[in-house]
Amino acid sequence: MKTSEIFKTKKVLSLEIFPPKRTAEVSTIYNTVNELKGLAPDFISVTYGAGGNENNTETLNIASAIKNTYGIESVAHLPCINLTKRDVLKMLDDFRKAGIENILALRGDINPDVISQKEFKYASDLISFIKDNGDFNIIGACYPEGHIESMNIVDDIRNLKTKVDAGANQLITQLFFNNDYFYSFRERIAIAGIDVPIEAGIMPVVNKKQIERMVTLCGVNLPKKFLSMMERYENCPEAMRDAGIAYAIDQIVDLITQGVDGIHLYTMNNPYIAHRIYTAINTLLAA
Ligand code: FAD
């Protein structure tokens with residue numbers, strides 16, 4: 001099923017997982033998927049490291065198993081910066097054979113240590129290419145606070161419109177910790193004529209290192225309330241985990257109340273945290 005269809009009938013809950021880095025640990029992801037199955041997600045998406053991660057081939061295998069073994073709709077991430085058109089054609093063929101209908105089409109982060117192929121410059125180039133070469137549902141990434149390389153949010157939204165016009169039927173946001181950015185972004189993209197469903201990407205933060213990495217990578221803003229929480233609990237892992245879960249639930253309750261189309265939970269392959277959040281928001285999604 002094309003995941004863009006699901007938004008027509010309900011608020012969507014999707015989960016994101018990543019292939020374990022070490023080949024020996026890859027099989028553990030199937031235990032994770034098994035545990036996530038109980039949350040009845042509308043889809044599970046599987047990341048793909050643009051920087052040449054050795055386990056990238058697992059994205060296809062895991063997305064295929066989610067769909068064909070576990071009976072959950074899956075989305076395969078596909079960052080194009082280091083791929084040739086020939087690579088992408090091969091991957092589209094593999095997706096088709098595995099019954100994967102949904103692709104999160106991305107540019108990928110620029111890694112100075114990896115020579116980019118230069119056949120796709122932006123995600124919108126990949127989106128047009130996929131559209132011309134198959135009948136896939138194409139999803140795009142978007143950035144409520146603006147993409148880190150963007151000069152300003154206006155340029156970024158103009159580029160997002162290009163991405164949607166190229167064929168993205170659905171959007172998922174980068175994580176954010178201040179919902180006001182999301183609401184202002186939602187208004188701005190509506191004015192720009194972007195009217196595809198948009199899911200809010202929420203990441204429960206469970207340790208300080210994780211958030212420091214995210215801030216460097218994505219440049220997201222950390223509200224005062226969030227910083228105080230990290231400072232107060234940084235030396236007590238359990239309290240930090242519980243506070244991070246509570247913060248994410250608080251964000252989600254507000255987003256659902258304000259009519260968000262869907263929630264995309266960055267699970268960090270941690271079913272326990274996903275279960276706690278799901279238990280708290282399940283009835284709200286259905287109301
Ligand atoms: P683009 O849409 O190409 O945008 C990149 C930059 O170029 C932006 O600043 C944009 O404003 C600008 N731009 C776009 N089009 C134009 C144009 N025509 N002219 C001038 N400027 C333009 N990365 C991975 O490697 N693997 C993953 O699995 C992965 N999953 C992700 C999932 C989500 C939900 C999100 C939000 C991000 C994910 N990323 C992943 C990270 C993503 O690859 C990076 O954020 C990357 O830096 C940008 O990707 P993009 O597809 O948004 O790029």
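Atoms within a ligand are numbered from 1 in the order they appear, just like the ligands themselves. What you see below is based on every heavy atom in this structure, not just the backbone, and it leaves out hydrogens, waters and symmetry mates.
Distances below 4.0 Å separate heavy atoms of P79 from the following atoms of ligand 1: 24 (C), 25 (O), 26 (N). Residue contact check: T47 has heavy atoms under 4.0 Å from atoms 28 (O) of ligand 1. Every atom of ligand 1 is numbered from 1 in the order shown, and the set under 4.0 Å from a heavy atom of A141 is 35 (C), 36 (C), 52 (O). Residue contact check: D156 has heavy atoms under 4.0 Å from atoms 8 (C), 9 (O), 10 (C), 11 (O) of ligand 1. Atom numbering of ligand 1 starts at 1 in the shown order; those under 4.0 Å from a heavy atom of L104 are 32 (C).
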Could you go through K163 and D156, starting from their C-alpha distance and side-chain angles, then the distance that decides it, and tell me whether this counts as salt bridge (Lys or Arg N to Asp or Glu O under 4.0 Å)? CA-CA 10 Å; K163 190 147 65 170; D156 207 37; over 6 Å; no

Using the side-chain hydrogen bond (donor to acceptor under 3.5 Å, both in side chains) rule, take Q251 and N179 through it: C-alpha gap first, then chi angles, then the decisive distance, then the call. CA-CA 7 Å; Q251 269 193 286; N179 288 0; 3.0 Å; yes

Could you check S14 against E199 for side-chain hydrogen bond (donor to acceptor under 3.5 Å, both in side chains), going step by step and ending with a plain yes or no? CA-CA 9 Å; S14 57; E199 279 183 279; 2.6 Å; yes

Stepwise salt bridge (Lys or Arg N to Asp or Glu O under 4.0 Å) test for R107 and D125: CA-CA 9 Å; R107 185 199 66 182; D125 301 328; over 6 Å; no

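Checked by distance only, ligand 1 and C142 stay at 3.5 Å or farther apart across all their nitrogen or oxygen atoms. Polar contact with ligand 1: present for Y143 (N/O pair, distance under 3.5 Å). Between H147 and ligand 1, a contact under 3.5 Å exists for at least one N or O pair. Of the polar atoms of H264, none of the N or O atoms is found under 3.5 Å from an N or O of ligand 1, judged by distance alone. An N or O contact shorter than 3.5 Å links N159 to ligand 1 by distance. Checked by distance only, ligand 1 and A50 come closer than 3.5 Å through their nitrogen or oxygen atoms. For ligand 1, the polar-atom distance check against A123 finds a nitrogen or oxygen pair separated by under 3.5 Å. Checked by distance only, ligand 1 and H77 come closer than 3.5 Å through their nitrogen or oxygen atoms. Annotation: K163 places an N or O atom under 3.5 Å from an N or O atom of ligand 1; distance criterion only.
Between K90 and D87 there is no salt bridge, since no side-chain nitrogen of the basic residue lies less than 4.0 Å from a carboxylate oxygen of the acidic one. Here R22 pairs with E25 in a salt bridge; the nearest charged N to carboxylate O distance falls below 4.0 Å.
Proximity of D109 to ligand 1 is established by a heavy-atom distance of less than 4.0 Å. For T162, the heavy-atom gap to ligand 1 stays at 4.0 angstrom or more. The shell of residues lying under 4.0 angstrom from ligand 1, judged by heavy atoms, includes Y266.
Atom 51 (O) of ligand 1 has R107 N, 2.8 Å as its closest protein atom, hydrogens excluded (heavy atom only). Protein heavy atom at the shortest distance from atom 17 (C) of ligand 1 is Y122 CE1, 3.4 Å.
One finds the CD1 atom of I263 at 8.5 Å from the OG1 atom of T173 (value rounded to the nearest 0.5 Å).
With N137 as the fixed residue, the side chain to side chain donor-acceptor pair (under 3.5 Å) test singles out one of Q170, E5, E101: Q170. With L285 as the fixed residue, the side-chain contact (heavy atoms from CB on, under 4.5 Å) test singles out one of L13, D42, I252: L13.
Checked against the 6.0 Å centroid criterion, the rings of F226 and F177 qualify as a close aromatic pair.
Its side chain outside the 4.5 Å cluster rule for every partner, Y143 clusters with none of the Ile, Leu, Val, Met, Phe, Trp and Tyr residues.
Across T59, L106, V46, L126, heavy-atom proximity to atom 37 (C) of ligand 1 is greatest for L106.
Atom 4 (O) of ligand 1 lies below 4.0 Å from none of the non-hydrogen atoms of the protein.
The aromatic rings of Y30 and Y70 sit parallel, their planes meeting at an angle under 30°, below the 60° perpendicular limit.
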